[in-house]
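Worksheet: the structure to be examined is printed underneath.
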Amino acid sequence: MISSNILAGLNPQQREAVALPQESALILAGAGSGKTRVLTTRIAWLIQTGQSGPHSILAVTFTNKAAREMLTRISAMLPINTRGMWVGTFHGLCNRMLRAHFRDAGLPQAFQILDTQDQLALVKRVLRALNVDEEKYPPRELMYFINNNKEAGRRPPAVEVQDEFYRRMAELYAEYERQCNHEGVVDFAELLLRCYELLSRNEILRAHYQQRFAHILVDEFQDTNRLQYLWLKLLAGAHNAIFAVGDDDQSIYTFRGASARNMFDFEREFAKGRVIKLEQNYRSQGNILDAANALITHNKNRLGKNLWTAEGGSEALRLYEAPTDLEEASFIVEEVKALRATAIRLSQIALLYRSNAQSRVLEHALFNAALPYRVYGGLRFFERQEIKHALAYLRLASNPDDDGAFLRVINIPARGIGGRSVEVLQAAAQQRGISLWQAACSTPLSGKAGQGVAQFVRLIEQLRQQCAPLSLAETVELVVERSGLMRYYEGERDGLDRIENLAELVNAAAGFQSEEPSMAVADAAAVDGAAQSVSDPDPRLALLDEFLSHAALEAGEHQAAAGSEALQLMTVHSAKGLEFDAVFISGLEEGLFPHENSLNEAEGVEEERRLMYVAITRARTWLYLTHAQTRMLHGHTRYNIASRFLHEIPAPLLRRLGTSGRRGYGTANASATVLGYNTSEPASPWRVGQDVLHPKFGNGTIVGVQGRGSDARVMVNFRQAGMKELAVEYAKLTPAS
DNA sequence: ATTAGTGGTGTTTTT
DNA sequence: CACCACTAAT
């Protein structure tokens, strides 16, 4: 049997999972237990044993990285064309389906996708158009409100309103929707909801896809939200098998609506008891795994699972307490150099942190030490200002009713159209129920602004015509040139980088068109018996729209050359699914990790702990845990105590490195300056780590001190009342043991 | 209309 | 600190 090749090297549980019959099942797979391997091998096995063609397989992941990884691995196992398979993120797959059936979904062919920036801008525009008080209805909050509701599958009428505030929020949600439909744009959540509604309302399409995808495989199932669950359920119908792989201990996206409930529901509704646990870890050495296991047992809400490894004992975890964040960074630099000297590749070393803001200090130190590094996250390629400008022109060329794109570039480069003129256009558009573009075409303005608008209209019209016969790369090149963006940045201060990025955008387009022949046409044509849903998309325009979708959905993950020998810097969230020989987890401080915003939420700390669990289990051999006594944040020095998670790791697993750990308090003058204290001043009783009693809030621990003398303020974490900032002069604090 | 400068404010994590 | 929204000066 050929299939024995594929199954070789798997342990009994993995093998059982891969070769399950065609029924739904839940695979509870711990970190490093070969989850991705099982998933990809399952696909290969289904195909190789002739149980399924590539055409019948749909695999969903959460990140584009994971999707690519999966395709690579499948191609390595089987010499087949993976084109027939649907492999991608929920958003990517929904987009693909909506592009193929835009008419049935009630969308214009050239519908555009809003990223978070665009969405927030649109929300603000809606609020402004209605003269809503932004103090009372903060744009951000409205955006979350909209997204949360969509992710729960609720359109405005279905929103439960308890009070006036939420009644109004629901109204604004409806207004936002109206505007989106007008402009032909969809946000991330809309992709999912719209696709779900398309399938649930259109029987022909639903039947088609249900018949097609006999095998649905889901990675990182613990991260699915309600709507995604319902979407899967719809697609599975009564007969298809869902093979779901997940780990409740690695659920770190509940803030985005992910719910462990889905795992319970799935087991009940689909798997019906077919649950396989993968508990053998092939990644980490003993001590690292012991630390992870010990940590996670502090969580109450678990399905229960314990990882073990056949690997023997190992290096202790290394713990380092730095006086400042700067010294934490230089410690890391030194250790990285030492690791490199023992022939560890830089690309096998990761520096992890809780929030993106922490990367600056690290980057600075690495730069000075001339260590090559690569930062994931932060500002991505397609989110850069100059790129967004260029994309806005492209969007207008495809869909001129996109008001967001219109506003972004109406006066870039400057055409003499100021806020005043834009307001006139907006008023005209609103009054007549038309887009800004239509208003610009039909509203005569006087003077310089009028000329500017006319010039802009002509430019866009020219672009639309001239692009028609061109390839994607040529289109992008033309737009970048003719829009005047190149010239505009030639005159700017930091324009050089931006010009390079614009050139890079042309390259990206060239790469895209060669590797991504338009799918929408083929997908639509593949639906037999649904002739009315087959639209007649112009393949060239479709390719431009696919490129624009790609820009929104995949914001350009690698900006540095992938695979280059560089240190890997990223947040813990983006490290999920990856593994490294050596891992540094930095900033292990109360308030940072666990993040202070999570302390007030009911399940907040448990999620932070899962996050820490994810971080620890990224490491194969070496794991460094670092924290700093003081840290610059938001322009202020903060005084932090060690993260509770450090106390939850058994002491014998840890080895303290370096200093006395107390350096910086009172001894060296340099440190005293850093701390902002005058060394001659008597030590204040209010110090980080001090337990205190407050008449109203009860017992707590000081976690931060700011200022001194009568201005002094302390941050106290109260056991009952949570975090409070108090002025020492007024708060009746007493030291407690 | 555009620019520079100011002051106030907020902030996790990501498709 | 960094991003904004608003104001004053060109």
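None of these values were measured; they are calculated from a predicted model. The figures here come from the full heavy-atom set of this structure, side chains too, leaving out hydrogens, waters and symmetry mates. Lettering of chains follows the sequences in order, A, B, ..., and the numbering in each one begins at 1.
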### Task
Quickly work out the Glu190(A) CD to dT15(B) C1' distance and round it to whole Å.
15 Å
### Distance, rounded to the nearest Å, where Glu135(A) contributes CD and dC4(C) contributes C1'
13 Å
### Task
Quote, to the nearest angstrom, the C1' distance that separates dT13(B) from dC4(C).
23 Å
### Task
Mind calculating the distance between CD (Gln385(A)) and P (dC3(C)) to the nearest angstrom?
11 Å
### Summary
Rounded to the nearest 0.5 Å, the OG1 atom of Thr617(A) sits from the CE atom of Met612(A) at a distance of 10.0 Å
### Message
If you count every heavy atom of other residues, nucleotides or ligands that lies below 6.0 Å from Arg155(A) atom CZ, does the total exceed 12?
### Response
yes
### Task
Using a 4.0 Å heavy-atom cut-off, write out nucleotides 4-12 of chain B from 5' to 3' as B (base contacted by protein), S (sugar-phosphate only) or - (no contact).
-------BB
### Task
Indicate yes or no: at least one non-hydrogen side-chain atom of Tyr176(A) is less than 4.5 angstrom from one of Leu142(A).
no
#### Entry: Residues forming a side chain to side chain contact (heavy atoms under 4.5 Å, CB included) with Gln385(A), sequence neighbours excluded
His389(A), Tyr489(A), Arg498(A)
### Query
What class does the angle between the rings of Phe188(A) and His91(A) fall in, given that below 30° is parallel, 30 to 60° is tilted and above 60° is perpendicular?
perpendicular
Close N or O pairs between protein and nucleotides 1-3 of chain B (under 3.5 Å):
{"from": "dA1(B)", "atom 1": "OP1", "to": "Gly418(A)", "atom 2": "N", "distance (Å)": "3.4"}
{"from": "dA1(B)", "atom 1": "OP1", "to": "Ser421(A)", "atom 2": "OG", "distance (Å)": "3.0"}
{"from": "dT2(B)", "atom 1": "OP1", "to": "Asn411(A)", "atom 2": "ND2", "distance (Å)": "3.4"}
{"from": "dT2(B)", "atom 1": "OP1", "to": "Gly416(A)", "atom 2": "N", "distance (Å)": "3.1"}
{"from": "dT2(B)", "atom 1": "OP2", "to": "Asn411(A)", "atom 2": "ND2", "distance (Å)": "3.0"}

### Glu607(A) CD - dT14(B) P separation (whole Å)
12 Å
### Query
Does any pair with a residue in residues 354-368 of chain A pass salt bridge (charged side-chain N to carboxylate O under 4.0 Å, His left out), and if so which ones, sequence neighbours excluded?
Arg354(A)-Glu608(A)
With 3.5 Å as the limit, what N/O pairs link the protein to nucleotides 5-10 of chain C?
{"from": "dA5(C)", "atom 1": "OP1", "to": "Lys124(A)", "atom 2": "NZ", "distance (Å)": "3.4"}

### Task
Please confirm whether Phe367(A) and Tyr373(A) have ring centers closer than 6.0 angstrom.
no
### Query
How long is the line joining CD of Gln117(A) and P of dC4(C), in whole Å?
9 Å
## Note on the structure
Whole-Å distance, Glu596(A) CD to dT13(B) P, equals 13 Å
### Task
Compute the centroid of each ring, for Tyr137(A) and then for Phe165(A), and state whether the two points are separated by less than 6.0 Å.
yes
### Message
Considering every strand and a 4.0 Å limit on heavy-atom distances, what is the contact class for Phe90(A): base, sugar-phosphate, or nothing?
### Response
nothing
## Note on the structure
Separation of dT14(B) atom C1' from Glu220(A) atom CD, nearest Å, is 13 Å
### Query
Is there a donor-acceptor pair under 3.5 Å between the side chain of His634(A) and the backbone N or O of His636(A)?
no
### Message
Output the rounded distance in Å from CG (Leu633(A)) to C1' (dC1(C)).
### Response
9 Å
### Message
Applying salt bridge (charged side-chain N to carboxylate O under 4.0 Å, His left out) as the test, list every pair that has at least one member in residues 568-580 of chain A; sequence neighbours left out.
### Response
Glu220(A)-Lys576(A), Asp223(A)-Lys576(A), Arg283(A)-Glu579(A), Glu579(A)-Arg620(A)
### Message
Before we go on, tell me: are the rings of Phe266(A) and Phe221(A) under 6.0 Å apart, centre to centre?
### Response
yes
